[in-house]
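Structure record follows, encoded as structure tokens.
None of the values given here were measured: they were computed from a predicted structure.
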Amino acid sequence: MSLKCGIVGLPNVGKSTLFNALTASNIDAENFPFCTIEPNHGIVELPDERLKEVSNISKSEKMIAATVEFVDIAGLVEGASKGEGLGNKFLGHIRETQAIIHVVRCFENDEITHVNNKIDPISDIEIIETELILSDIETLEKTKEKINRKAKSGNKDLLKDLSKIDDLLNLLAKGESLKKFLENEADNDFLTSLGLLSAKPIIYVANLNEDMEANDGLNRLKEKALETNSEVIEMCNQIEFEISELENESRQEFIESVGLDEPGLSKLIRSAFKILGLQTFFTSGPKESRAWVIKKGIKAPDAAGVIHTDFKKGFIRAETVAYKDFVQFNGEQGAKGQGKWRSEGSDYEVEDGDIILFRFNV
């Protein structure tokens, strides 16, 4: 399962600097609107110390981490849903992602222009969110027209879909969150099929100055995040970029010198994983140790299918051990000796960090 996050925000708020830090790809990050036209894509490993520990214990020849794909999407502006600033094209790029990372500038700097000539995080957010909502209303209206044409036959399922679309349009018209609609699993699937932008989970990145100073803008951003059950990651995108350019030893020294316990980027990647309800399990042996991405709540055969469809088709059982037991008892043999290595059937719900050996026959 691949995780794809879109980085959005107004022009010149630090999106491309953040993307550069995440991927160390040195794309343009100039001080003028629409420096990024076509989206930039970068694949980043999920920071997970557990995989290193598992690999060391198994003496694996190689280690393969789970990954996250980040897409640097050009700066949106007011009127984007009507095509302003190439807005329709940029909104289309967001539609392809699973989660939105919304970069918000929370510091003053006369040398860096702001598209609205003022630093106001909440105003910036409202501009972007309004454009997402307007785009979604247009999407729903078009979908409604198509279903109306088909529903003349009296198909009850289509009539139910029309009712759901009207509910969604009413919520958006009132500026209310679509998260209410996500509480019902059947409605959730329907909503996902529509690809609505304002329904995507959001993480706010508060781009601060190099002193990482809290200010009124940051405090108001945190209040908004609480209201919408979203998360705020505080970081200085420029510092994160400088960290990304350093080698391992120098990197750790620099991180400590600026008063951080870890790069903000690590927190951001883990948060993206968390808001999408994802987790990892591991396979491990002498040849390789690998992290696999699955949804929380997945049963063992479906987890096996992530590795290969044959594993799911011919599933017999999952031999598994919890990460903490694998580490405590120094691997498979030690865990077996302590009775921690278990044999689980098709009803087993995979836990985050499980080390699993799948038995199958096709």
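Side-chain atoms of Lys15 come within 3.5 Å of backbone atoms of Leu10 as a donor-acceptor pair (strictly under, hydrogens ignored). With hydrogens and angles ignored, the 3.5 Å screen pairs no side-chain donor or acceptor of Asp354 with any backbone N or O of Val350. No donor-acceptor distance shorter than 3.5 angstrom exists from the side chain of Arg342 to the backbone of Glu344, with no hydrogens or angles considered. At distances below 3.5 Å, not a single donor-acceptor pair connects side-chain atoms of Ser266 with backbone N or O atoms of Glu262. Asn207 places no side-chain N or O within 3.5 Å of a backbone atom of Cys236 that could act as its donor or acceptor partner. Counting only distance, with no hydrogens or angles, the side chain of Ser250 and the backbone of Leu246 share no donor-acceptor pair below 3.5 Å. Under a 3.5 Å cut-off, the side chain of Ser123 and the backbone N or O of Asp120 do not form any donor-acceptor pair. Counting only distance, with no hydrogens or angles, the side chain of Asn237 and the backbone of Gly14 share a donor-acceptor pair below 3.5 Å. For the pair Asp136 (side chain) and Leu197 (backbone), a donor-acceptor distance under 3.5 Å is present. For the pair Asn56 (side chain) and Lys52 (backbone), a donor-acceptor distance under 3.5 Å is present.
Using a 3.5 Å distance cut-off with no hydrogens or angles, the side chains of Arg50 and Thr280 do pair a donor with an acceptor. Checking Ser60 against Ser58 by side-chain atom types alone, no donor-acceptor pair falls below 3.5 Å.
Summarising the geometry, atom CD belonging to Glu349 is positioned 9.5 Å from atom CD1 belonging to Ile298; distances are rounded to the nearest 0.5 Å. The structure places CG of Asn20 at 5.0 Å from CZ of Phe241, a figure rounded to the nearest 0.5 Å. Here the straight-line distance linking atom CG of Leu265 with atom CG of Leu22 works out to 4.5 Å at 0.5 Å rounding. Between atom CG of residue Leu260 and atom CD of residue Glu234 there is a gap of 11.0 Å, rounded to the nearest 0.5 Å.
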Show your reasoning for whether side-chain hydrogen bond (donor to acceptor under 3.5 Å, both in side chains) applies to Glu231 and Ser271.
-> CA-CA 8 Å; Glu231 189 167 356; Ser271 293; 3.2 Å; yes

Chi angles and distances behind the side-chain contact (heavy atoms from CB on, under 4.5 Å) call for Ile101, Phe70 = CA-CA 9 Å; Ile101 295 169; Phe70 288 93; 3.3 Å; yes

Which is it for Ser289 and Ile64 under the side-chain contact (heavy atoms from CB on, under 4.5 Å) test, yes or no, and what are the steps along the way?
-> CA-CA 6 Å; Ser289 287; Ile64 304 174; over 6 Å; no

Please lay out, stage by stage, how Arg95 and Ser135 fare under the test side-chain hydrogen bond (donor to acceptor under 3.5 Å, both in side chains).
-> CA-CA 10 Å; Arg95 207 175 300 281; Ser135 177; 3.2 Å; yes

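Using a cut-off of 4.0 Å between Lys/Arg side-chain N and Asp/Glu carboxylate O, Asp302 and Lys312 are scored as salt-bridged. Ion pair Glu247/Arg251 not flagged as a salt bridge, since none of the NZ, NE, NH1 or NH2 atoms sits closer than 4.0 Å to an Asp/Glu carboxylate oxygen. Taking 4.0 Å as the cut-off between side-chain N and carboxylate O, Arg270 and Asp48 do not count as a salt-bridged pair. For Asp261 and Lys267, the salt-bridge test passes: some basic side-chain N is under 4.0 Å from an acidic carboxylate O. A salt bridge does not link Lys144 with Glu141: every distance from a Lys NZ or Arg NE/NH1/NH2 to an Asp or Glu carboxylate oxygen is 4.0 Å or more. With salt bridges taken as basic N to acidic carboxylate O contacts below 4.0 Å, one links Glu129 and Lys224.
In this pair, Tyr323 and Phe282 present their aromatic rings tilted. The plane angle is within the 30 to 60° band.
Residues Phe329 and Ala335 approach most closely at CB-N, 3.7 Å, considering heavy atoms. Scanning both residues, Val293 and Ala66, for their nearest heavy atoms gives CG2-CB, 3.5 Å. The heavy-atom pair separating Ile165 from Thr143 by the smallest distance is CD1-CG2, 3.7 Å. Of all non-hydrogen atoms in Gly9 and Ile128, the two that sit nearest each other are C-CD1, 3.8 Å. Across every non-hydrogen atom of Leu46 and Ala65, the tightest pair is O-CB, 4.5 Å. Of all heavy-atom pairs spanning Cys106 and Leu208, the tightest one is CB-CD2, 3.7 Å.
The cationic group of Arg317 does not satisfy the cation-pi geometry with Phe315, failing either the under 6.0 Å distance to the six-membered ring centre or the 45° limit from the ring axis.
Hydrophobic cluster membership is shared by Leu276 and Val44, with clusters built from Ile, Leu, Val, Met, Phe, Trp and Tyr side chains linked at under 4.5 angstrom.
When side chains are defined from C-beta on, Thr97 does not count as touching Cys5, because their heavy atoms never get closer than 4.5 Å. For the pair Leu18 and Ile7, the minimum side-chain heavy-atom distance is below 4.5 Å.
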